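What follows is a short report on a single structure.
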Amino acid sequence: MEQTLYRVEHASSVWWPQMQLFSGLILSLFCVFAALCFFVMATQQTATTRLSNLALSVCLLSQACLSFLSVVASESISLMVYLLLNCVFVIAGLTAIYCYRSVLSRVLFGDSNQGLPQIQADQLTPELEATQKELEQEIEAANRMRQRMQSIFESAPNGMLVVRKDGTIAQANTLAESIFRYPEGGMVGLSVEGLVPKEHRPQHHVDRNNYVKAPTKRMMGDRKDLYGVCLDGHKVPVEIGLNPIEGSFDQEIVATIVDISERKQYQRFIESRNNELENSNRELQEFAFIASHDLREPLRKIIAFSRLLQGEDYGTFTAEGKEYSGYVVDAAERMRTLLDSLLSYSRVTSMANSFEKTDLNALIEEVCADLQLTLEESQAEITVSPLMSIEVDASQMRQVMQNLIGNAIKYRQPDQVPKIVISGEQQESKYLLTIQDNGIGFESEYAEQIFEVFKRLHGRDQYPGTGMGLAICRKIILRHQGRIWADSLKGEGSIFYIELPLIRQEERLNE
Amino acid sequence: MNDCIIMVDDDPEDIILVKTALKRIGLPVSFLSFPSGELLLDFIASQMSHSHREAVENRVDYLVLLDLNMPKMGGALCLSKLRKAQSFNQLPVVIFSTSDAHEDVERSYEMGANSYVYKPDNIKELEKIMNSIYHFWLFKKHRWLQI
């Protein structure tokens with residue numbers, strides 16, 4: 001009945017159906033378009049707004065279908081379909097309204113408290129989430145930093161204590177605990193004064209308070225020997241560095257502790273060794289001096305009384321007796337020369353003079369004057385080039401030159417006039433003296449040995465002497481912190497080199 | 001009374017040598033010897049107080065031959081003590097030593113030694129030395145008095 005009425009009504013005018021058809025199509029097209037728009041929006045929105053847009057687009061779509069169907073196939077459409085589409089339209093519409101309730105309420109009732117937090121919560125959630133993440137990251141970083149500091153603190157090669165302003169220990173690493181023989185964690189909370197020997201505690205307290213007032217990075221104890229007291233009362237030698245911790249709440253100080261027991265032990269060992277060496281050195285020198293000095297006495301008696309006996313006032317010797325008594329005196333005299341040279345060898349250090357700037361040319365002239373008789377006898381030619389003035393012990397240097405020039409004449413070629421050439425040359429911080437002769441020379445294998453004590457290359461009957469001359473020369477040059485060496489070819493003369501430093505290091509105190 | 005040479009030496013052989021040399025030259029001196037400086041000082045002290053009481057013509061002139069290296073009181077200390085005591089400071093002291101070291105010679109003269117003689121190892125030389133010491137320090141005065 002109703003359907004019929006509807007149709008009748010429509011059919012009552014000619015243009016009405018066309019009009020109705022046209023407007024129905026426009027409406028459905030518009031609804032489809034709007035639904036599409038909301039649908040596209042829905043795909044790009046966040047969860048809350050997506051649902052409302054989706055609902056709107058469904059609502060519009062159902063409206064589009066409804067109007068399209070009512071226009072195009074109003075006769076064939078069943079009531080059920082019509083009602084279903086209407087239901088979908090109403091439900092979707094209500095859903096959209098529900099989703100937009102906050103917007104609607106704001107539009108309808110103005111700004112209400114009810115709606116606002118909802119909106120802010122919606123907007124702030126991502127920010128809050130980000131902040132929370134940041135915070136978590138920071139906490140993790142701080143944890144990692146703390147762990148890192150802890151492992152650095154533990155892995156330090158020294159004992160480390162963190163001490164608060166009031167002197168309590170805030171932190172101690174394992175090494176510090178082992179230096180002071182405390183159990184693990186046993187030091188925290190104790191007073192550092194407990195680690196100081198009893199007699200130094202009051203002073204330490206004062207010093208620590210002063211340090212807290214003006215903390216700087218420095219060593220503790222001003223190079224004095226420091227000792228720490230262990231839990232069991234044992235004292236351990238330590239070296240302590242102090243360092244204020246920048247940015248700590250309680251002006252904490254970190255003390256770096258090194259156990260120097262071993263170092264001390266080595267130091268003591270070296271010192272005692274050094275003392276022993278110095279003593280034995282001194283003893284040797286004294287021994288050489290006293291021996292040579294005191295041994296001369298009995299020798300002098302032997303010589304004196306032998307000569308008295310040889311004088312024939314107290315009985316006469318046979319010819320043989322005279323000869324033999326002569327051997328006694330000769331041997332005793334030879335021994336005395338040996339002792340004399342040993343004495344002068346030991347006097348190089350015991351009777352040393354100070355070093356003074358000396359004109360070497362003048363010094364050599366003096367030596368030549370002393371050797372005048374020998375020089376005239378051998379008709380030796382000495383050529384001396386201009387030399388420098390350098391700091392030497394003049395009397396010892398004279399002894400050296402006298403020995404070397406004397407040797408050059410003593411060991412001359414029998415059929416040649418001895419020629420001696422002395423020259424000098426500055427080499428950076430050193431001065432090289434060269435004494436060259438045309439004497440008999442020696443095999444180069446002896447170049448080092450000739451400087452040894454009592455070393456002789458010739459028999460006593462060939463060349464007299466004790467074999468101490470060059471040994472004394474070397475001792476003197478060594479005392480000057482220089483070097484002496486020789487170069488020779490047998491039969492072609494020899495060259496002696498003396499290298500002297502122009503600037504000497506400080507003389508050793510015991511010299 | 002003869003003048004007297006006093007030898008202070010811890011070395012008995014040296015004393016014998018000097019005694020022998022004096023005997024061989026035949027000088028008119030008496031000879032005394034002490035093994036240490038302390039004994040010399042004791043002796044001189046007793047003699048000086050003694051000689052004050054004696055007549056001038058009976059007075060004995062002394063000459064001291066003093067060794068340097070001796071145990072306990074050495075020659076140097078003995079000499080300085082002699083020179084400090086007023087009554088002995090005119091006593092001629094000849095240092096008679098085996099040391100030829102410059103320092104010893106210089107120090108001895110600084111402390112007031114009248115002469116320094118190096119001990120010879122030859123009796124002939126020793127005789128010469130004793131002769132000149134005697135004539136310089138002791139004999140000269142006699143001759144001068146005789147003139």
Side-chain angles (χ1 to χ4, degrees), chain A residues 285-286 288-317 322 325-354 370 393-396 398-399, chain B residues 7-27 31 33 35-37 65-72 74-76 94-108 110 116-131 133:
Chain A
Q285 272 176 20
E286 277 170 18
F289 180 78
I290 289 168
S292 48
H293 189 262
D294 288 5
L295 289 176
R296 270 152 48 113
E297 273 306 289
L299 270 180
R300 207 172 48 78
K301 307 294 163 44
I302 293 171
I303 294 167
F305 284 103
S306 302
R307 288 209 173 127
L308 192 62
L309 290 177
Q310 279 180 326
E312 299 197 351
D313 295 327
Y314 310 94
T316 40
F317 280 120
K322 226 175 208 168
S325 71
Y327 292 148
V328 173
V329 177
D330 280 356
E333 276 184 343
R334 204 165 59 244
M335 187 160 174
R336 190 164 58 177
T337 5
L338 286 174
L339 289 176
D340 279 347
S341 53
L342 194 60
L343 190 62
S344 57
Y345 183 77
S346 79
R347 273 181 178 167
V348 169
T349 43
S350 68
M351 302 275 184
N353 299 309
S354 56
D370 288 345
D393 178 335
S395 80
Q396 289 194 342
R398 198 177 300 138
Q399 209 178 334
Chain B
M7 183 164 177
V8 186
D9 204 317
D10 60 316
D11 194 333
E13 288 103 348
D14 272 336
I15 289 169
I16 291 169
L17 276 174
V18 170
K19 215 176 1 197
T20 314
L22 288 174
K23 203 161 76 188
R24 284 166 64 110
I25 325 168
L27 290 176
F31 182 80
S33 66
S36 75
L65 286 178
L66 187 60
D67 187 23
L68 283 182
N69 289 318
M70 284 184 290
K72 288 196 211 162
V94 175
I95 300 296
F96 195 58
S97 166
T98 49
S99 165
D100 57 351
H102 267 290
E103 304 89 70
D104 284 338
V105 179
E106 274 166 32
R107 208 166 43 132
S108 299
E110 270 165 28
Y116 190 103
V117 175
Y118 178 63
K119 282 182 188 172
D121 54 13
N122 189 324
I123 194 83
K124 290 269 184 296
E125 240 175 88
L126 188 59
E127 284 168 16
K128 270 189 226 162
I129 288 167
M130 284 304 140
N131 211 12
I133 284 177

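Predicted model only: the values in this text are computed from it and were never measured. Each chain gets a letter, A, B and so on, in the order its sequence line appears, and its residues count up from 1.
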Looking at side-chain heavy atoms only, is the closest gap between [X] and [Y] below 4.5 Å?
X: A:Glu297; Y: B:Asn69; value: no
X: B:Thr20; Y: A:Phe305; value: no
X: B:Leu68; Y: B:Ser108; value: yes

Side chain A:Ser306, main chain A:Ile302, donor-acceptor under 3.5 Å: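 Looks like yes, one N/O pair under 3.5 Å.
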
Side chain A:Gln396, main chain A:Val348, donor-acceptor under 3.5 Å: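 Side chain of A:Gln396 to backbone of A:Val348: a pair is present.
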
Residue among A:Arg307, A:Arg296, A:Arg300 with most heavy-atom pairs under 4.5 Å to chain B: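 Between A:Arg307, A:Arg296, A:Arg300, the count favours A:Arg300.
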
Minimal non-hydrogen separation, B:Pro35 against B:Met70, with atom names: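 Nearest pair, atom of B:Pro35 first, then B:Met70: O-SD, 3.9 Å.
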
Contact summary for A:Ser341 and A:Ser344, nearest pair of heavy atoms: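 Smallest heavy-atom distance, with atoms named: O-OG, 2.9 Å.
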
Among B:Asp9, B:Asp100, B:Thr98, the one residue meeting side-chain hydrogen bond (donor to acceptor under 3.5 Å, both in side chains) with B:Lys119: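 So the option named by the test is B:Asp9.
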
Chain A contact residues among residues 122-131 of chain B, heavy-atom distance under 4.5 Å: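 B:Asn122, B:Ile123, listed by number.
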
Residue-level contacts of residues 10-19 of chain B with chain A, using a heavy-atom cutoff under 4.5 Å: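 Checking residues 10-19 of chain B against chain A gives B:Asp11, B:Glu13, B:Asp14, B:Ile16, B:Leu17.
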
Pair B:Arg24 + A:Asp313, salt bridge at N-O below 4.0 Å: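 Salt bridge: yes.
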
B:Ser97 vs B:Asp104, side chain to side chain contact (heavy atoms under 4.5 Å, CB included): CA-CA, chis, key distance, verdict: CA-CA 9 Å; B:Ser97 166; B:Asp104 284 338; 5.6 Å; no

